[in-house]
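Below, chain A is the first sequence line, B the second, and so on; all start at residue 1.
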Number of protein chains: 2
Amino acid sequence: MSGGVEWALHCCVALTSAEAPVPAARLAHLHDVSPTYLAKQLQALSRADLVRSVQGKAGGYILTRSPAQITVLDVVEAVDGPGPAFICTEIRQRGPLAVPAQSCTAPCVISRAMADAETAWRNALRTTSIADLARDVDADARSDISSWLNGAGA
Amino acid sequence: MSGGVEWALHCCVALTSAEAPVPAARLAHLHDVSPTYLAKQLQALSRADLVRSVQGKAGGYILTRSPAQITVLDVVEAVDGPGPAFICTEIRQRGPLAVPAQSCTAPCVISRAMADAETAWRNALRTTSIADLARDVDADARSDISSWLNGAGA
DNA sequence: GACGGGTTACTCGGATAATTATTGTCCGAGTAGCTCGGG
DNA sequence: CCCGAGCTACTCGGACAATAATTATCCGAGTAACCCGTC
């Protein structure tokens with residue numbers, strides 16, 4: 001799994017406490033990570049319409065909708081790609097005992113088991129929203145982040 | 001996710017129909033995959049004690065226990081590594097608003113959400129055994145594989 | 001015919017390269033705010 | 001004092017390298033079967 005997912009999630013949680021667009025550089029400074037690489041992740045979030053990018057002098061990134069309506073799954077799929085992690089290469093159709101393609105209407109058993117597991121994983125990520133994450137963050141920390149983002153900052 | 005997981009699972013299902021040790025080269029031929037790389041995966045299974053490797057002229061690999069007692073999770077963890085896919089780098093302890101380490105007794109919220117999702121994924125993989133997979137394979141195919149493995153082969 | 005030593009051929013196992021995905025970086029296009037001159 | 005054109009500085013966006021993980025490969029160590037000579 002891409003490590004940028006963690007950065008993106010933290011950024012989304014931080015943006016919960018933002019009232020104006022926050023530049024990528026400031027988010028990078030807040031988390032002490034590579035500014036340019038974080039920009040890449042934020043671009044991915046922008047492409048997925050999770051955040052809105054506004055250019056210009058007072059530009060930056062801001063959430064497009066209520067944090068309660070952005071799931072963790074949305075962020076993960078935006079950064080890591082929506083495709084499944086396990087991809088069936090149809091081994092059953094290869095080799096000396098290859099099953100003819102006409103008999104392969106349903107996906108193979110292994111593919112199904114892996115797909116079911118990933119579905120369970122997705123459902124778990126879908127039940128948690130960015131708002132849920134922000135709610136469980138310590139109140140003091142949220143206050144600090146809010147003032148740091150909206151105020152002058154360090 | 002490592003693509004070798006698929007190979008390993010197919011091999012385990014095939015070994016269900018084997019009565020004697022099957023060489024890695026034969027399994028590779030059966031699935032039409034790289035023999036040397038498949039050997040690597042089988043070594044991983046051997047290290048995890050899922051299969052038993054027997055050397056010598058009539059050597060090969062064979063399952064160590066009943067297919068019903070080998071879960072898909074066992075195979076996935078043996079090949080892809082037991083560690084979690086998402087690793088928390090403790091971003092909350094970095095940057096200008098770093099949370100002091102003494103306040104970090106519990107894992108951070110994001111880490112928890114991801115860990116819960118992975119647990120759901122693991123549970124789904126744990127409920128399916130190799131025997132379950134073999135049971136859902138077409139009876140004719142199973143018969144063919146059995147005779148191909150135990151007989152002379154093509 | 002039965003047994004035992006030696007040979008052989010086949011097996012796995014770990015150490016070793018090639019390829020692909022991830023991580024990290026850079027510079028150009030674009031836009032909003034600010035400045036300054038005019039009315 | 002109010003307005004607007006021009007400028008400036010700051011922003012994002014995509015194209016470009018460095019690194020790590022995956023994929024693929026090879027050759028040596030070890031072992032069990034087989035063969036053959038002997039009893």
Honestly curious: do A/Ile145 and A/Ile62 fall in one hydrophobic cluster under the side-chain, below-4.5 Å linking rule?
-> no
Please list all pairs passing the salt bridge (Lys or Arg N to Asp or Glu O under 4.0 Å) test where one or both residues lie in residues 66-77 of chain B, with sequence neighbours left out.
-> B/Glu77-B/Arg122
Separation of C/dG24 P from A/Leu38 CG (nearest whole Å) = 11 Å
Treat primed atoms plus P, OP1 and OP2 as sugar-phosphate and everything else as base, then score nucleotides 4-20 of chain D 5' to 3': B for base contact with protein heavy atoms under 4.0 Å, S for sugar-phosphate contact only, - for none.
-> ------SBBBBB-----
Residues which pass ring pair (Phe, Tyr, Trp, His ring centres under 6.0 Å) with A/Tyr37, listed by chain and number, not counting sequence neighbours | A/Trp7
B/Gln41 has an atom CD; how far is it from atom C1' of D/dA24, in whole Å?
-> 10 Å
Please report, rounded to the nearest Å, how far the P atom of C/dT20 is from the CD1 atom of A/Ile87.
-> 14 Å
So which heavy atom on A/Val99 is nearest to which on A/Ser103, and how close?
-> CG1-CB, 3.8 Å
Tell me the side chain to side chain donor-acceptor pair (under 3.5 Å) pairs involving residues 13-23 of chain B, sequence neighbours left out?
-> none
For DNA chain D, the residues among residues 2-17 of chain B that have a non-hydrogen atom under 4.0 Å from it = B/Ser2, B/Gly3, B/Trp7
Counting only pairs under 3.5 Å, give me each side-chain donor-acceptor contact of residues 42-59 of chain B, with atom names and distances, residues two or more places apart or in other chains.
none

To the nearest angstrom, the CE-C1' distance between A/Met1 and C/dT23 comes to 16 Å
Would a 4.5 Å heavy-atom cut-off, applied to side chains only, mark A/Asp132 and A/Arg135 as touching?
-> yes
Are B/Thr119 and B/Asp116 linked by a side-chain donor-acceptor pair shorter than 3.5 Å?
-> no
